[in-house]
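What follows is a single structure, written as structure tokens, with notes after it.
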Number of protein chains: 2
Amino acid sequence: MRKKPPSESQLADIAGIFAILADRSRLLLLNTLRESPCYVTELCRKTGLKQANVSKQLGLLKSAELVTTQRDGNLVQYSIAEPMIFDICELVCSKIERDARRRIQAFRTERTIAARR
Amino acid sequence: MRKKPPSESQLADIAGIFAILADRSRLLLLNTLRESPCYVTELCRKTGLKQANVSKQLGLLKSAELVTTQRDGNLVQYSIAEPMIFDICELVCSKIERDARRRIQAFRTERTIAARR
DNA sequence: TTACTATATTACAATATCGTGATATAGGCA
DNA sequence: TGCCTATATCACGATATTGTAATATAGTAA
């Protein structure tokens, strides 16, 4: 999204990246890879996800170029290709926390007003 | 996503925000609202989306607290509640452009190597 | 009240996505 | 070759999401 209005296909591309990030399992995998690069089996163990699921989600992450792979004999090591995604997650997190605080504040205010009646 | 590993419910919350952003129509609405606050009918006209769809997507955006509303008689004006989303989109955009450049570069290199044979 | 406009909601078909069991593929080693 | 492990892919049921036509609701004004 930029100063000039985005084209149809740009919107679709942007939506596509968000769609990749809009999944609990994939966020879990990304967050695990954030600590250090991992083999698929390690990711299965660390996340508790089944192997077929891990491979499938890693495939999607790779097709979006959010992770990269390196073959090491029989093993495949996955790494983060876009550290930027954690900046994005940080922004989203801060929004969620802000919303939560605002909701608590609104609840307190409401209770105070109710108590005055 | 932060230094301490995110909990299950935090991951779900983050994924939820991304899911809201992972749709062409909603991005289009947000981008239109970026110019200025709009009434629903204006948004229909500016985006070309049908009224039922616009109301539905605005409802989702509002439930995620990405937009706010203000009633004005018979009309409802929608505004951006989280300018931060455009920072996020900017990051995603720059990634997409970087990927595109890298792909073009890789294609050129490949062609050069092929030409040498 | 009635009529009109703006917006929201409902119901549904079409489509997409998630997770999984089963299976395929690929590499290492005997 | 055959066997084992690691990873990827296929096929499918379950579930979720999209856009839309039809309908409901809310506000204004006569």
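Predicted model, so just to flag it, every value in this text is computed and none were measured. Below, read A as the first sequence line, B as the second, and so on, with proteins coming before strands; counting in each chain starts at 1.
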Under 4.0 Å, heavy atoms only, any strand: does A:S55 hit a base, just the sugar-phosphate, or nothing? base
NZ of B:K50 versus P of C:dA11: gap in Å, rounded? 21 Å
Could you state the atom-to-atom distance from OH of B:Y78 to C1' of C:dA6 in whole Å? 11 Å
How close or far is atom P of C:dT7 from atom CG of B:L58, stated in whole angstroms? 10 Å
Please state how far atom CD in A:Q51 lies from atom P in D:dT5, giving the value in whole angstrom units. 14 Å
Using atom CG of B:N53 as one end and atom C1' of D:dG19 as the other, report the distance to the nearest whole Å. 5 Å
Considering every strand and a 4.0 Å limit on heavy-atom distances, what is the contact class for A:Q57: base, sugar-phosphate, or nothing? sugar-phosphate
Chi angles and distances behind the side chain to side chain contact (heavy atoms under 4.5 Å, CB included) call for B:L49, B:L43: CA-CA 8 Å; B:L49 301 173; B:L43 286 170; over 6 Å; no
Write down the distance between CG (A:N74) and C1' (D:dT7), rounded to a whole number of angstrom. 8 Å
Going through the checks in order, is the side chain to side chain contact (heavy atoms under 4.5 Å, CB included) test met by B:I80 and B:F86? CA-CA 10 Å; B:I80 295 292; B:F86 299 112; 3.8 Å; yes
Round to a whole Å and report the spacing from CG of B:L29 to C1' of D:dT18. 14 Å
Using a 4.0 Å heavy-atom cut-off across all strands, classify B:R24 as base, sugar-phosphate, or nothing. nothing
Given side chain to side chain contact (heavy atoms under 4.5 Å, CB included), test B:L21 with B:R26 step by step and report yes or no. CA-CA 7 Å; B:L21 295 175; B:R26 287 190 291 270; over 6 Å; no
Find the distance A:R71:CZ to D:dT7:P and express it as a whole number of Å. 8 Å
